[in-house]
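Structure, as structure tokens:
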There are 2 protein chains.
Amino acid sequence: MSASPLPDGPRRYHHGNLKAALVEAGLALLEERGLANLSLREIAARVGVSHTAPKNHFGSLKGLLTAIAAEGFRRHAAALEAGLRPEDGPVERLHAAADGYVRFARDHPALFRLMFSADLCNHEDPDLSAAASASYGVLARLAERLAPGKGGGGGQTRMETLLWSIVHGYAMLANEGQLATGPEGNPVHGILDLFRHWPDLGGSGNRRNRVAVTVLS
Amino acid sequence: MSASPLPDGPRRYHHGNLKAALVEAGLALLEERGLANLSLREIAARVGVSHTAPKNHFGSLKGLLTAIAAEGFRRHAAALEAGLRPEDGPVERLHAAADGYVRFARDHPALFRLMFSADLCNHEDPDLSAAASASYGVLARLAERLAPGKGGGGGQTRMETLLWSIVHGYAMLANEGQLATGPEGNPVHGILDLFRHWPDLGGSGNRRNRVAVTVLS
DNA sequence: GTGAAAAATTTACACTGGAAACATGAGTGC
DNA sequence: GCACTCATGTTTCCAGTGTAAATTTTTCAC
């Protein structure tokens, strides 16, 4: 994704790669200044272009934010898959993906919030929708290994939803600072620990087609 | 919470109850126009006051939003407790609270988003912090019944975090339309179903001090 | 070359939240 | 009764935002 003008020569009237450059600048500003302080004009200024130039490519601010969120989901999916080692069992792989999920939210809080904000970006957009689905698919495939779907009654979908809810909820709460400043000094536990402390979660072999979560003594 | 001027007489220079009136107007506008379209000026206009009047009571827009979020958390806690019948067992009560959680998010999506937005409101504020903790406490007490904390190693806190993550994650995803428009037409499941389909979750008696979650056949 | 369309700019507008100076009036001390 | 004080609101102004419309510049197809 090169986002600089095509040749490295002096300023030209046509940027040549403005669309990608705006997305890249938006991602950078998101990290630097946060979601609340992000503005269309500032993104355009960083690329060195008038503040109405993005309209040609994205229609409106929402369109630009949608494109940024789509790129975010692509990186999100990559973060989920980064720790997945093929030789590991389904449980280890689940741990790795969950760790990637939470780590991504922690490392890119503003982008993460944007990605899941129905207000700020248009989730009907095909590009964003596809990127989000790809990211979800990583978790879904891991759930598939755990729940082969023989149980009937939508057990497969339910398992996906459960996993996603846990990981997303934890990431969201940690991201918004809710877990750290809890009622009676709630320490932050990694979602990885959360999973790891489910003793009967399979042990790494899938010799039993059964996932039992024992929380209490 | 009466938010109208003290007597019903004609307009007076001093509102008399501006602080509560602004919070109430903000809550109403949040429902009507959504979080993105909420503005300080419009809230003030609805109360019939200049747009700088709120500054005396809340300092800034963030201060006002913080107060609105605090009131939101109070109603949230009430929604969690609404379905709790004392004669029910811990699992039924958990179901009821989870149902209230998701229902609240669904019925008041804009307010729910505001409440958990670290950008928009100040979670250091004592009033907001107390209200949020009270709301969290409802879930925590239910977790306590399930996990008496004898297991050591922070099992109690971990159980709270797990429950909260599940419920909050599900509510958040459903709220942002992620679950409905999932990858391959993911149907929306109530969080209540999610819990109810954990067959070994205690059965309504707590005769066993053990919570086993069996997801698969 | 020439003409059409894409890409950017300039300008203008309605709106936002905040700052500063001012107006009002409720309450207190006498 | 009366002045003084200070919380409460208003007016005015400002920098900043996103969007729309008209205009300029460039590219590309023919």
Side-chain angles (χ1 to χ4, degrees), chain A residues 3-7 9-26 29-30 32-69 110 114 117 119-122, chain B residues 3-7 9-26 29-30 32-69 110 114 117 119-122:
Chain A
S4 43
L6 294 180
R11 185 74 64 79
R12 310 169 32 139
Y13 190 90
H14 282 65
H15 184 282
N17 204 12
L18 185 55
K19 198 163 184 177
L22 286 171
V23 170
E24 192 169 312
L29 278 173
L30 216 45
E32 297 172 16
R33 323 237 301 109
L35 182 53
N37 298 327
L38 192 67
S39 84
L40 177 77
R41 293 175 109 105
E42 202 169 0
I43 298 178
R46 167 175 283 235
V47 179
V49 106
S50 82
H51 76 281
T52 52
K55 186 171 193 180
N56 294 320
H57 299 278
F58 299 103
S60 68
L61 171 64
K62 192 170 194 169
L64 173 53
L65 293 182
T66 299
I68 294 174
L114 169 63
S117 163
D119 270 355
L120 297 178
C121 51
N122 174 24
Chain B
S4 43
L6 293 179
R11 185 76 63 80
R12 314 175 22 143
Y13 191 89
H14 282 67
H15 184 282
N17 203 12
L18 185 55
K19 197 164 184 176
L22 286 171
V23 170
E24 192 170 311
L29 280 172
L30 216 44
E32 297 172 15
R33 323 238 299 109
L35 182 53
N37 298 327
L38 192 67
S39 83
L40 176 76
R41 294 176 107 105
E42 202 168 2
I43 298 178
R46 168 175 282 234
V47 179
V49 105
S50 80
H51 81 279
T52 51
K55 185 172 194 178
N56 294 319
H57 299 277
F58 300 103
S60 69
L61 170 63
K62 193 168 195 170
L64 173 52
L65 293 182
T66 299
I68 294 173
L114 170 63
S117 163
D119 269 356
L120 296 178
C121 51
N122 173 25

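Keep in mind it's a predicted model, so treat the numbers as computed, not measured. Naming: A, B, ... by sequence-line order, numbering from 1 per chain.
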Quick note, A:Leu40 side chain, CB onward, closest among D:dT19, C:dA8, D:dG9 is D:dT19
* Asked: With a 4.0 Å cut-off on heavy atoms, is A:Ser39 in touch with a base, just the backbone sugar-phosphate, or nothing at all?
  ->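 A:Ser39: backbone/sugar contact only, no base atoms under 4.0 Å.
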In terms of heavy-atom contacts, B:Ala69 and B:Cys121 come closest through CB-SG, 4.0 Å
Base of [N], side chain of [X] - is there a donor-acceptor contact under 3.5 Å?
X: A:Arg41; N: D:dG16; value: no
X: A:Thr52; N: D:dT19; value: no
X: A:His51; N: D:dG18; value: no
X: B:Asn56; N: D:dA7; value: no

Spacing between [X] atom [atom1] and [N] atom [atom2], to the nearest angstrom:
X: B:Leu22; N: C:dG17; atom1: CG; atom2: P; result: 13 Å
X: B:His15; N: C:dA26; atom1: NE2; atom2: P; result: 14 Å
X: A:Leu61; N: C:dT16; atom1: CG; atom2: P; result: 16 Å
X: A:Ile43; N: D:dG18; atom1: CD1; atom2: C1'; result: 12 Å
X: A:Leu64; N: D:dT19; atom1: CG; atom2: C1'; result: 14 Å
X: B:Phe58; N: C:dG17; atom1: CZ; atom2: P; result: 14 Å
X: B:Leu120; N: C:dG17; atom1: CG; atom2: C1'; result: 14 Å
X: B:Arg33; N: C:dT16; atom1: CZ; atom2: C1'; result: 13 Å

State, with a plain yes or no, whether a side-chain heavy atom of [X] is found less than 4.5 Å away from one of [Y].
X: B:Glu32; Y: B:Glu42; value: no
X: A:Pro54; Y: A:Ile43; value: no
X: A:Leu38; Y: A:Leu114; value: no

Whichever of B:Asn37 and A:Ala53 has the more 5' nearest nucleotide on DNA chain C, that residue is A:Ala53
- Task: Mind running side chain to side chain contact (heavy atoms under 4.5 Å, CB included) on B:Val23 and B:Phe58 for me, showing each step along the way?
- Result: CA-CA 10 Å; B:Val23 170; B:Phe58 300 103; 3.9 Å; yes
5'-most contact on DNA chain D: A:Leu38 or B:His57, nearest heavy atom basis?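 Its nearest nucleotide being more 5', the pick is B:His57.
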Give a yes/no answer on whether the side chain of B:Lys55 brings an N or O atom under 4.0 Å of OP1 or OP2 in C:dA19.
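Answer is yes, contact under 4.0 Å.
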